[in-house]
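Shown next, in structure tokens, is the structure this report addresses.
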Protein chains: 2
Amino acid sequence: MSRPEISNRRVTAADIARSLGLSRATVGFVLNETPGQTISEQTKQRVFAEAERLGYRPHTAARALASGRTRIVLVVLPDWPLDFSLRRNLEEASLALDEAGYSLITYTPHPTGQARPLWETLAPDVALSMVGRFSQQQVDSMRRAGVRAMVPDPDQVDADEYPEEGPVLQVQHLARLGHCRIAFAESADPRIADLVALRHSRARQAAEELLLPAPVALSVNLGDDSASDAVRKAVSAGVTAIAAYNDEVAAALVGAALRAGIAVPQQLSVVGHDDAPIASIVEPQLSTVRIDTAGLGRYLAALALSAAEGHSPPATIPQTQLVLVERASTLPHT
Amino acid sequence: MSRPEISNRRVTAADIARSLGLSRATVGFVLNETPGQTISEQTKQRVFAEAERLGYRPHTAARALASGRTRIVLVVLPDWPLDFSLRRNLEEASLALDEAGYSLITYTPHPTGQARPLWETLAPDVALSMVGRFSQQQVDSMRRAGVRAMVPDPDQVDADEYPEEGPVLQVQHLARLGHCRIAFAESADPRIADLVALRHSRARQAAEELLLPAPVALSVNLGDDSASDAVRKAVSAGVTAIAAYNDEVAAALVGAALRAGIAVPQQLSVVGHDDAPIASIVEPQLSTVRIDTAGLGRYLAALALSAAEGHSPPATIPQTQLVLVERASTLPHT
DNA sequence: TCGAGGGACTAGCACGCGCAAGTAGATGAG
DNA sequence: CTCATCTACTTGCGCGTGCTAGTCCCTCGA
């Protein structure tokens with residue numbers, strides 16, 4: 001019934017206390033659910049109700065100053081455009097962190113390195129790298145800025161890499177369709193060279209295990225004509241099926257093939273990776289590998305949280321479910 | 001534990017003062033170059049030197065609490081992948097802001113909208129939208145969170161509106177090809193409803209000026225079958241050409257048309273917007289509108305700064321050059 | 001009757017900084 | 001010599017929270 005008072009000042013915990021005839025401390029204890037305090041249930045409810053009524057929002061800066069923790073997780077991203085799946089991961093992670101009262105902020109360091117790195121001004125509780133390990137210089141800078149935890153932990157050298165199983169699924173799928181001459185199409189973008197190489201090598205391993213010849217290596221640069229060259233190279237090498245680094249590369253190959261008069265999937269099968277929107281947009285729709293991005297995102301969040309609160313990290317990388325989605329861009333070899 | 005003790009505490013302005021036998025206020029005045037204070041040159045130099053020596057970094061949270069300003073500029077980005085030029089412009093803006101003591105933080109609101117928006121926890125001084133105007137709900141939320149300035153300014157309804165000329169180019173292009181029955185395909189995504197509506201209305205205006213009937217309104221939701229419905233609706237309305245909100249929508253329409261046995265561009269022309277990578281990936285390659293964002297970065301920074309400090313905005317909007325890139329998805333009406 | 005032992009709170013400091021209001025000493029005008 | 005003015009500082013409050021160290025009252029056992 002009673003409307004929140006109209007005032008340009010922001011609502012503080014002291015306002016709640018005053019309006020309820022309580023002390024600031026009590027209000028703080030209730031709102032933070034501080035352990036070791038005995039507050040009557042009735043008072044708690046009154047505080048919650050009044051906070052709601054007044055539209056109270058804790059002042060982040062004040063809280064950070066008092067507690068020494070910012071409740072910020074800084075995710076350091078590489079300089080290349082985000083894969084669809086990575087974006088979804090981050091969204092999922094952000095949601096999970098938000099629930100725990102943390103904020104996820106993304107940051108791409110500048111190549112020039114002129115500006116102060118964002119962690120110096122934000123002083124996040126946790127810095128999480130999606131680019132590999134932090135450099136010693138970065139680690140020092142973060143420590144000085146008060147970053148209490150980093151992922152991967154610079155003190156622990158053992159690297160638990162994400163087991164890229166997607167390319168394995170791609171190759172197995174193509175093999176099951178009877179394709180023997182397979183190619184793997186890399187993205188030529190140097191900034192993602194590591195991940196590209198990893199996926200390529202996993203594809204090679206998978207082929208080896210299936211006693212297939214090593215995949216022909218193709219390279220596609222989005223934005224120029226290299227996809228046409230790649231298709232030409234593949235065809236002249238007798239390739240009947242291509243596993244692509246991701247859906248964009250796959251789509252580029254499909255487009256180039258069609259332009260060259262090569263029917264997809266009748267003459268050439270192409271399988272993508274990530275199940276990005278583009279996979280179901282293009283014609284023919286792409287067979288691809290779907291990643292359990294939600295699970296991965298939650299894992300990321302759990303990793304950051306454990307680092308923030310000093311728990312031990314989640315036991316294992318969840319066996320995220322990869323699924324090969326069969327659409328129209330792959331067909332049995334004839 | 002693991003490290004030899006290096007004075008665990010962070011360096012504060014009080015440390016500098018103590019070490020120099022000065023008061024904290026003096027140090028503060030020097031470091032902030034506070035106007036209206038007379039400090040001897042010698043003292044200034046000693047303060048600067050000592051700050052440097054001790055590696056002093058102002059505590060952002062404390063400063064924000066005391067001054068009421070966070071010196072953060074929050075750039076709200078759309079949910080689609082950023083093209084390279086926009087990325088570089090953001091970097092440029094970030095650099096320029098850094099020089100002025102501000103930090104640029106990017107933020108992409110979550111589709112689910114479940115998490116608290118980042119501005120509530122960061123309380124930036126300025127929120128800058130790259131997605132069109134902020135919704136009234138967002139504006140209210142930001143005001144409540146203490147955001148002092150927004151770009152574009154929600155109070156100035158017509159000012160500094162980015163003149164969306166892209167749709168005009170699309171319609172003019174289609175008209176020049178002889179198409180009369182034109183449709184505009186919106187994205188159904190509610191997150192970008194404002195920008196979608198703006199482009200749609202610009203397309204409508206352009207059609208009107210060319211004495212064409214108002215474009216048929218189509219709505220496409222990436223990820224479901226709505227593109228097929230849209231194509232069906234367009235064809236039954238006698239439409240021969242579609243201007244799409246962006247390249248993804250355009251690609252989805254092209255895919256759906258092909259699947260329905262409608263030849264693109266022979267029976268249906270489609271023109272996209274943004275010149276995103278997908279535009280040159282799909283087959284047929286999309287005619288689209290390329291946005292030249294050169295210089296936009298520094299302009300953005302200047303815009304944010306003027307909003308932050310209450311100056312009048314920079315006079316000159318750089319004349320961003322829009323170009324219609326003609327590819328294979330549009331043909332003259334027969 | 002008294003004191004111990006809670007339950008339910010409150011008083012108040014610390015966090016690091018910005019900034020308004022003061023103050024001691026030097027200088028110059030009348 | 002007095003007083004105003006200026007320089008070069010210092011004192012100290014307040015920003016909104018988190019949290020330690022109480023305080024007050026009520027109940028209960030002896």
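Proteins get letters first, then strands, A, B, ... in listed order; numbering begins at 1 in each. In this text the structure is predicted, and so the values were computed from the model without any measurement.
- Considering only side-chain N and O atoms, A:T26 lies under 4.0 angstrom from the phosphate OP1 or OP2 of C:dT10.
- Remark: the B:E309 side chain and the B:Y102 side chain contain an N/O donor-acceptor pair separated by less than 3.5 Å.
- Residues B:T34 and B:L65 both approach DNA chain C. Their nearest nucleotides, taken by heavy-atom distance, put B:L65 toward the 5′ side.
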Please test A:R116 against B:D98 for salt bridge (Lys or Arg N to Asp or Glu O under 4.0 Å), starting from the C-alpha separation and ending with a verdict.
CA-CA 7 Å; A:R116 289 163 306 176; B:D98 190 83; 3.4 Å; yes

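- Relative to the side chain of B:S23, the nucleotides C:dG18, D:dT11, D:dT17 differ in distance, and D:dT11 lies closest.
- You'll find that the side chain of B:N32 is closest to C:dG18, out of D:dG16, C:dG18, D:dT7.
- Salt bridge A:R143/A:D140: absent, no basic N to carboxylate O contact under 4.0 Å.
- In this structure, CD of A:Q37 is placed 11 Å from C1' of C:dG7, rounded to the nearest angstrom.
- If you measure from atom CZ of B:R24 to atom C1' of C:dA20, you get 13 Å, rounded to the nearest angstrom.
- Rounded to whole angstrom, the span from the CD1 atom of B:I39 across to the C1' atom of C:dG18 amounts to 14 Å.
- Between B:A66 and B:T38, the residue anchored nearer the 5' end of DNA chain D, judged by the nucleotide with its closest heavy atom, is B:T38.
- If you check every strand for non-hydrogen atoms under 4.0 Å, B:T12 touches sugar and phosphate atoms only.
- Although no hydrogens or angles enter the test, the distance criterion places no donor-acceptor pair under 3.5 Å between the side chain of B:T70 and the main chain of B:A64.
- Across the protein-nucleic acid pair, A:L54 atom CG and D:dG16 atom C1' stand 15 Å apart, rounded to whole Å.
- One finds a side-chain N or O of A:T43 lying less than 4.0 angstrom from the OP1 or OP2 phosphate oxygen of C:dC9.
- Rounded to a whole Å, the NZ atom of A:K44 is 13 Å from the P atom of C:dG7.
- Note on A:S67: every side-chain N or O is 4.0 Å or more away from OP1 and OP2 of D:dT17.
- Distance B:R63 CZ to C:dG18 P: 5 Å, rounded to the nearest Å.
- Between the side chain of B:R46 and the backbone N or O of B:E41 there is no donor-acceptor pair closer than 3.5 Å.
- Looking at heavy-atom distances under 4.0 Å, A:A13 makes contact with sugar-phosphate atoms alone, never a base.
- Between the CD atom of B:Q42 and the C1' atom of D:dC9 there is a distance of 13 Å, given to the nearest Å.
- Regarding A:F29, its CZ atom lies at a distance of 8 Å from the C1' atom of D:dG18, rounded to whole Å.
- Using a 4.0 Å heavy-atom cutoff across all strands shown, A:S40 reaches sugar-phosphate atoms only and no base atom.
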